[in-house]
Amino acid sequence: MTGPAGAAGPAGAAGAAGPRAEGTGRTGLVAATVTQRDGTVVLADFTLLAEPGELLAVLGPSGCGKSTLLRALAGLLPVKPGQVMIQGRDVTGRPPADRDVAMVFEKTALYPTLDVARNMGFGLALRHTSAPEVQQRVEHQSRRLGIWSLLRRKPTEISMGQRGQAGVGRALVRRPATFLLDEPLANLDLPERVRMRRVIAETVKSAGVSTFYVTHDQTEALAIGDRIAVMEQGRVRQIGTSRELYDQPASLFVADFVAPAPLGVLTARLVVAGGVAAYRVGDRTLVTWQPVPGALVSRVGEPVLLGLRAESVTAVPPNPDPDATVLAGIVTAVERTGRDTFLTVGLRDGGTLVARFGGHAPVRLSDPVAVSVDVAAAHVFDPATGRALHHPQ
Ligand SMILES: Nc1ncnc2c1ncn2[C@@H]1O[C@H](COP(=O)(O)OP(=O)(O)OP(=O)(O)O)[C@@H](O)[C@H]1O
């Protein structure tokens with residue numbers, strides 16, 4: 001199920017709004033307005049609900065309101081008007097302690113006088129879990145997280161990354177009504193992040209607890225989320241699985257935000273040439289060799305934006321197909337990942353593309369370069385609104 005906020009299906013954004021969220025077991029905000037203490041309205045008429053047991057990744061740029069969402073769910077910021085639902089129960093106006101949430105902040109504070117084991121078990125002890133059970137859960141979880149050897153150390157005796165891991169451990173030993181994880185893997189190196197996010201995903205899934213996992217790292221969101229909600233400026237722009245967001249982004253913003261490499265964008269005009277769809281870009285006509293897609297028929301003759309992923313823009317083969325589209329430009333940025341080289345190419349005909357070449361491509365900044373473009377693979381957007389008009393099959 002995918003779509004922009006408000007057009008999503010049963011588990012989607014505004015589709016599940018109102019009292020219907022009650023009794024469904026869903027967790028999230030419904031038609032909620034959240035205002036910071038200084039009067040800044042961060043979320044307005046905002047609806048986002050996770051299904052029971054779902055790991056919902058919340059992805060978006062800095063300042064879009066991700067932390068505000070979690071703080072409102074936890075009861076740290078008031079929702080007025082609107083509803084906060086936890087497992088289908090309306091907890092709006094209830095204090096944080098009544099909501100049974102386990103929350104991890106990016107900068108989780110541990111109790112400085114307690115060792116890691118007691119920090120991890122603190123929430124359980126508060127809830128009157130027996131000492132042997134606290135010990136058993138802390139040991140089990142610390143082994144899974146790889147911090148068992150740190151249990152007797154104080155927070156000042158471990159690294160920032162390890163403090164973050166202990167904070168995650170403190171949440172994961174619990175079986176709360178919902179997990180709220182706000183950039184829980186900050187300060188960790190990449191291999192540790194990947195390992196930790198697997199442990200987190202396994203733990204929250206096996207606990208069957210709805211989880212909001214906030215990140216601004218698209219790779220992390222796509223890897224971990226059952227679905228991903230993409231936020232921008234206090235709104236959910238789209239909610240769907242990683243495949244849905246990648247194949248059918250609702251807008252240019254979403255397409256660019258979920259792409260591992262920046263999206264190339266060309267300003268074009270849709271034309272029909274010899275019965276097939278083509279795009280005029282500067283003086284060039286880029287032919288798709290396919291009929292005009294149904295969704296674009298009404299747009300023939302009009303300007304559109306073409307979004308091209310790096311995998312559709314590649315090195316020109318030694319004996320190129322004469323019908324292939326080859327564009328010339330200048331390399332304005334080079335990023336090497338080992339396996340691939342990503343080139344940002346300023347085109348002679350206007351516009352910028354990002355191309356994926358092989359890892360050994362002998363290309364340097366400011367080099368002239370020719371790229372082969374799979375025009376039929378372009379996602380097509382409305383230039384005025386950025387809304388998607390057509391996705392390639
Ligand atoms: N205490 C505050 N008082 C006033 N405005 C705030 C406060 N905290 C956050 N904001 C504003 O609310 C908006 C959303 O902030 P929020 O922290 O929710 O964003 P975010 O998506 O979590 O960002 P990041 O990824 O950088 O953590 C921002 O414009 C921010 O400046």
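Indexing begins at 1, ligand by ligand and atom by atom, following the structure's order. Given the structure is predicted, the values throughout are model-derived calculations rather than measurements.
A donor atom on one side chain and an acceptor atom on the other are found under 3.5 Å apart for Asp90 and Thr92. Residues Thr241 and Arg227 bring no donor and acceptor atom of their side chains to less than 3.5 Å of each other. Using modelled atom types and a 3.5 Å distance limit, the side chains of Arg280 and Thr285 yield a donor-acceptor pair.
Distance from atom 6 (C) of ligand 1 to its nearest protein heavy atom, with residue and atom name: Gln36 CG, 3.5 Å. Protein heavy atom in closest approach to atom 28 (C) of ligand 1: Gly63 O, 3.6 Å. The shortest contact between atom 27 (O) of ligand 1 and any protein heavy atom is with Ser67 OG, 3.8 Å. In this structure, atom 26 (O) of ligand 1 lies nearest to the protein heavy atom Ser62 OG, 2.5 Å.
With ligand atoms numbered from 1 in the order given, ligand 1 contributes 21 (O) to contacts under 4.0 Å with heavy atoms of Pro61. Atom numbering of ligand 1 starts at 1 in the shown order; those under 4.0 Å from a heavy atom of Thr68 are 14 (C), 15 (O), 16 (P), 18 (O).
There is a protein heavy atom closer than 4.0 angstrom to atom 20 (P) of ligand 1.
Assignment of Gly65 to the shell around ligand 1 is supported, since a heavy atom sits closer than 4.0 Å.
With a heavy-atom cut-off of 4.0 Å, Lys66 touches ligand 1 through backbone and side chain alike. Heavy atoms of Val42 found under 4.0 angstrom from ligand 1 belong exclusively to the side chain.
Applying the salt bridge (charged side-chain N to carboxylate O under 4.0 Å, His left out) test to Asp367 and every residue at least two apart in sequence or in another chain returns nothing. Annotation: side-chain contact (heavy atoms from CB on, under 4.5 Å) contacts of Pro291 (sequence neighbours excluded): none.
Aromatic ring pairs are classed by plane angle as parallel below 30°, tilted from 30° to 60° and perpendicular above 60°; the pair Phe122 and Tyr111 is tilted.
Within a 6.0 Å radius of CZ in Arg127, other residues, nucleotides and ligands contribute more than 12 heavy atoms.
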